[in-house]
S.K.: 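Let me give you the structure first, and then I'll get to my questions.
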Amino acid sequence: MSTAHRHVLSIITPGALALIALAAPAHASSTPLSSVSHTSQGCEAIDSYAPNAHEEHTVALVDGRAFAGEWDAKKRTIVWQDLSDNPGYPAHACDITISEQGNKAFIKTITRGGKVYETTCDTTGKDLKCGKRWTHLKPPTTGHRP
């Protein structure tokens, strides 16, 4: 291998490894989300929050349905619960995110029309309990909308 090839590989290899690390989940799950259809509507999303090595909460949007899950280290998978059945779940959800503070997880979704909705979950360590109503959040008053 020439010196030029070695130089290119030394640049490409770390970048490729970084991309692989970003694409690989923190905890690989051997089972798909419940038994949901994987027919794409163009709006699949996933987000996770792991405040320490012993707990991780994940939300996913698949085929217009929202899910929240907790990592189960013994089963080496995520245990999912469907949030789409909670009252007020918006039609045409297109993205989802999770954040946490204290014993509350805040899950937000945005619709194709730009409306933002939020639900909260109670969390005590690894456990995630999500049965609360989705609430439409008011848009900014400056004329800009998310």
Side-chain angles (χ1 to χ4, degrees), residues 7-146:
H7 179 68
V8 169
L9 283 176
S10 70
I11 293 170
I12 292 174
T13 303
L17 291 175
L19 287 174
I20 291 168
L22 286 173
H27 304 291
S29 173
S30 60
T31 56
L33 293 177
S34 302
S35 60
V36 299
S37 165
H38 292 280
T39 304
S40 175
Q41 292 182 352
C43 292
E44 276 71 31
I46 191 164
D47 190 20
S48 295
Y49 177 75
N52 59 57
H54 305 288
E55 62 182 296
E56 177 182 42
H57 297 137
T58 301
V59 291
L61 188 68
V62 178
D63 200 19
R65 297 188 65 83
F67 297 86
E70 54 196 55
W71 174 249
D72 185 325
K74 291 179 185 172
K75 295 179 182 177
R76 306 236 1 110
T77 189
I78 297 172
V79 178
W80 296 102
Q81 54 186 298
D82 192 336
L83 303 179
S84 307
D85 296 334
N86 293 12
Y89 182 71
H92 310 293
C94 200
D95 201 356
I96 195 164
T97 188
I98 186 171
S99 61
E100 294 189 32
Q101 186 172 24
N103 291 334
K104 288 279 185 206
F106 303 91
I107 300 171
K108 291 178 182 66
T109 188
I110 188 167
T111 67
R112 288 185 182 175
K115 293 182 179 178
V116 177
Y117 290 80
E118 179 183 62
T119 187
T120 59
C121 304
D122 296 321
T123 175
T124 52
K126 295 184 289 184
D127 295 330
L128 192 63
K129 297 193 184 339
C130 305
K132 296 188 172 103
R133 175 175 198 74
W134 287 89
T135 303
H136 177 243
L137 301 179
K138 298 196 183 317
T141 58
T142 61
H144 300 286
R145 65 179 182 99

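We use all heavy atoms of the structure for the numbers below, so side chains are in, but hydrogens, waters and symmetry mates are not.
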S.K.: Output the distance between atom CD (E44) and atom CG (D95), rounded to the nearest 0.5 Å.
M.R.: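 Nearest 0.5 Å value for the CD-CG distance: 10.5 Å.
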S.K.: For C43 versus L61, what's the shortest heavy-atom pair and its separation?
M.R.: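 So the minimum-distance heavy-atom pair works out to O-CD2, 3.3 Å.
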S.K.: Once rounded to the nearest 0.5 Å, what's the spacing between atom CH2 of W80 and atom CD of E70?
M.R.: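 Spacing of CH2 (W80) from CD (E70) equals 11.0 Å.
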S.K.: Check whether any side-chain heavy atom of R65 sits under 4.5 Å from a side-chain heavy atom of D85, and report yes or no.
M.R.: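 Sidechains of D85 and R65: in contact.
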S.K.: Report the distance from atom CD1 of I96 to atom CD1 of I107, rounding to the nearest 0.5 Å.
M.R.: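 Taking CD1 in I96 and CD1 in I107, the distance rounds to 6.0 Å.
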S.K.: Classify the ring geometry of Y117 against H136: parallel below 30°, tilted from 30° to 60°, perpendicular beyond 60°.
M.R.: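 Judged by the thresholds at 30° and 60°, the geometry between Y117 and H136 is tilted.
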S.K.: Which heavy-atom pair separates L83 from A68 by the least distance, and what is that distance?
M.R.: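 Answer, listing the atom of L83 first, then A68: CD1-CB, 3.7 Å.
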S.K.: Which pair of non-hydrogen atoms, one from D127 and one from H57, has the smallest distance, and what is that distance?
M.R.: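 Shortest heavy-atom separation between D127 and H57 comes out as O-NE2, 4.0 Å.
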S.K.: Can any side-chain N or O of D47 pair as donor or acceptor with the backbone N or O of V59 at less than 3.5 Å?
M.R.: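 No, D47 side chain to V59 backbone: no donor-acceptor pair under 3.5 Å.
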S.K.: Rounded to the nearest 0.5 Å, what separation is found between the CD atom of E55 and the CD atom of E100?
M.R.: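 So the CD of E55 and the CD of E100 are separated by 6.5 Å.
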S.K.: Between P90 and K115, is any pair of side-chain heavy atoms under 4.5 Å apart?
M.R.: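 No, their side chains stay 4.5 Å or more apart.
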S.K.: Please report the shortest heavy-atom distance between S84 and G64, naming the atom on each side.
M.R.: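 Nearest pair, atom of S84 first, then G64: OG-O, 4.4 Å.
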S.K.: Got I78 and F67 here, is their nearest side-chain heavy-atom distance under 4.5 Å?
M.R.: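 Contact flag for I78/F67 side chains = no.
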S.K.: Could you pull out the closest heavy-atom pair between S48 and T58, with the gap in Å?
M.R.: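 In this case the closest contact between S48 and T58 is OG-OG1, 2.8 Å.
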S.K.: Can you confirm whether Y89 sits close enough to T119 that some side-chain heavy atom of one is under 4.5 Å from a side-chain heavy atom of the other?
M.R.: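 Not touching, per the 4.5 Å side-chain cut-off.
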S.K.: Tell me the closest heavy-atom pair linking R133 and G88, and the distance in Å.
M.R.: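 Shortest heavy-atom contact: NH1-N, 3.9 Å.
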S.K.: Measure the CG-SG distance between N86 and C130 for me, rounded to the nearest 0.5 Å.
M.R.: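 The CG atom of N86 sits 7.5 Å away from the SG atom of C130.
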S.K.: Considering only NZ, NE, NH1 and NH2 on the basic side and carboxylate oxygens on the acidic side, decide whether D72 and K126 come within less than 4.0 Å.
M.R.: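 No, this pair does not count.
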S.K.: Give, for atom CD of Q81 and atom CG of L128, the distance between the pair rounded to the nearest 0.5 Å.
M.R.: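 One finds 5.5 Å between CD of Q81 and CG of L128.
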